[in-house]
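The structure appears right after this line, and notes come after that.
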Amino acid sequence: MSDSSNTPKTTNTQWGGRFSEGVDAFVEKFTASIEFDQRMYRQDIAGSIAHATMLEKVGILTSDELNQIVQGLNEVQQNIESGNLEWSIPLEDVHMNIEARLTDKIGITGKKLHTGRSRNDQVATDIRLYVRDEIDFICQEITRLQEGLIMLAEREATSIMPGFTHLQTAQPVTFGHHMMAWNEMLERDFERFQDCRKRVNRSPLGAAALAGTTYPIDRHMTANLLGFDAPTENSLDSVSDRDFAIEFCSASSLLMTHLSRASEELILWTSAQFNFIDLPDRFCTGSSIMPQKKNPDVPELVRGKTGRVNGHLVSLLTLMKAQPLAYNKDNQEDKEPLFDVIDTVKGCLRAYADMVPAIQVNEEAMREAARRGFSTATDLADYLVRKGMPFRDAHEVVGKSVGYGIEQGKDLSEMSLEELQQFSDTITEDVFDILTLEGSVNARDHIGGTAPAQVLAAAGRAKQKLQAR
């Protein structure tokens, strides 16, 4: 018995004039992209309406034909959004599916829509429109997350916690100061996406297959109708460029790296060993065997999904690295990784923006942790330098003081003046003003510093930036 999957199909009426036999059934499905590119239907219809509007202006379509096409495309969109359009694999992609449905509705006029363009410039246009829309949404979600961080920073501007280097206690900071560090990362992410948007926002429509078209088209008009800043300059590059997708994924990888770093800290802080914070129950799960467990699933998943996004970036770089100009079928492989990056980033941002404002801080546990580990040692060294001692000598004095504290089980702030003076008689009673946690934090009263007043000032400046967007 023969395998029916090997039965030749009829040739595709969109491009099959040159072919004497149909595409193999398996190849037809293997090469189709409709299962994943159908999400660009709004962008495809918008691009077609702009293209048709331009064709009417230059005299290729009549005003009646334009009206038929626009009305027909709007009806197709309504059919899609109401679930009344069945996507066809033989029609390969979102572009051919929409054009075929349009032609079913309005007849031969629908076949005129593709005049002066190719699927190559059509898909390049659709992807740019789609990525542009998603950048705008992602930037809104970054802003929403930043609003939550700034609110939390203001609320906890005086809540002292240990600052770490090498995950070892370094100097006291405040929880609010730490949240503003996360905000700075996100501010750079926002700027990167906005900068990426500038290169996304160029119109390849009119580049056709690779060499432009002989029709008297107006590319500036279609670019303007679609909200692009300008048309692209070179037809070969227009249809084969995917730099913008790679750049978007690169910005996404950095964003996810920042969220992953924050996730690592949240995971540590929620552990019994740290006990710095508590996450709302709705963002956690329990254990099927250990009833006491409360697992920080959202931060853990965000940390894990970072590798997924990084992998897609490498995938796109590898996809493009050996392609000759101009368009190649390889480029169909750009969509699934790109779309998954978009979905992953949006999901992670939503989870974080919802979760962060609800974080509860255990101020007592953080303070106790900051008190351990000689976190004011650097302040003591600075104190000695201000008294005239060379820094290297001050460093040695403090090192000996810390060694003594380890032997005696005492923090620097717990030592008596006599104990401290055995290492240097430069130390006087005023040293205790800077050996306290509050004294240490408040002493760094400069822009970017840990003093609560500076944290609140930084939060105020950050809010002004958000309001200006």
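Quick note: numbers below take in every heavy atom, side chains included, and nothing from hydrogens, waters or symmetry partners.
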Using 0.5 Å steps for rounding, measure from the CD atom of Glu92 to the CZ atom of Arg119. 4.5 Å
Distance, nearest 0.5 Å, that separates OG1 of Thr222 from CG of Leu205: 4.5 Å
Does the structure place the NZ or CZ of Arg132 under 6.0 Å from the centre of the six-membered ring of Phe228, at an angle of no more than 45° from the ring's axis?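 Yes, a cation-pi geometry.
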Taking the six-membered ring of Phe244, is the NZ or CZ of Arg128 close enough (under 6.0 Å from the centre) and on axis enough (within 45°)?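 Yes - Arg128 lies over the ring of Phe244, closer than 6.0 Å to its centre and within 45° of its axis.
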State whether the number of non-hydrogen atoms from other residues, nucleotides or ligands found under 6.0 Å of [X] atom [atom1] is greater than 12.
X	atom1	answer
Arg261	CZ	no
Lys321	NZ	no
His395	NE2	no
Arg469	CZ	yes
Lys29	NZ	no
Glu35	CD	no

Distance only, no hydrogens: is a donor on one side chain within 3.5 Å (strictly under) of an acceptor on the other, for [X] and [Y]?
X	Y	value
Asp229	Asn201	yes
Thr450	Arg444	yes
Asp93	Ser33	no
Asp379	Ser440	yes
Gln422	Glu418	no
Glu419	Tyr404	yes
Thr426	Tyr383	no
Arg219	Ser203	no

Using the side-chain hydrogen bond (donor to acceptor under 3.5 Å, both in side chains) definition, which of the options Lys335, His95, Gln43 pairs with Asp126?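 Only one option passes, and that is His95.
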Just say parallel, tilted or perpendicular for the rings of Phe276 and Phe164, cut-offs at 30° and 60°. parallel
Which of parallel (below 30°), tilted (30 to 60°) and perpendicular (above 60°) describes Trp182 and His178? perpendicular
Closest non-hydrogen atom pair, [X] against [Y]:
X	Y	answer
Ser235	Leu210	OG-O, 2.7 Å
Ile427	Leu420	CD1-O, 3.6 Å
Ala381	Ala394	O-CB, 3.7 Å
Arg282	Ala358	NH2-CB, 3.7 Å

N-O pairing of [X] and [Y] below 4.0 Å:
X	Y	value
Asp411	Arg372	no
Lys294	Asp281	yes
Lys346	Glu141	no
Arg192	Glu247	no
Lys387	Asp430	yes
Glu233	Arg202	no
Glu134	Arg39	no
Arg144	Glu147	no
Lys198	Asp195	yes
Asp133	Arg42	no
Lys400	Glu396	yes

N/O donor-acceptor pair under 3.5 Å between Thr344 side chain and Val341 backbone: no
Asn224 (side chain) donor-acceptor with Met221 (main chain) under 3.5 angstrom: no
Where do Ile34 and Ser88 land on the side-chain contact (heavy atoms from CB on, under 4.5 Å) test, with the steps shown first? CA-CA 7 Å; Ile34 187 58; Ser88 166; over 6 Å; no
So Gln454 and Asp445, side-chain hydrogen bond (donor to acceptor under 3.5 Å, both in side chains) or not? Walk me through it. CA-CA 6 Å; Gln454 291 295 338; Asp445 189 16; 3.1 Å; yes
Apply side-chain contact (heavy atoms from CB on, under 4.5 Å) to the pair Asn97 and Val76, showing each step before the final yes or no. CA-CA 10 Å; Asn97 268 264; Val76 171; over 6 Å; no
Before you tell me yes or no, could you show the steps for Gln38 and Met40 under side-chain contact (heavy atoms from CB on, under 4.5 Å), namely the whole-Å CA-CA distance, both residues' side-chain angles and the distance that decides it to 0.1 Å? CA-CA 5 Å; Gln38 59 184 262; Met40 297 192 298; over 6 Å; no
Taking side chain as C-beta onward, heavy atoms only, is Lys465 less than 4.5 Å from Glu187? yes
Kindly determine whether Val200 and Ile135 satisfy side-chain contact (heavy atoms from CB on, under 4.5 Å), including the steps that lead there. CA-CA 10 Å; Val200 170; Ile135 286 175; 4.1 Å; yes
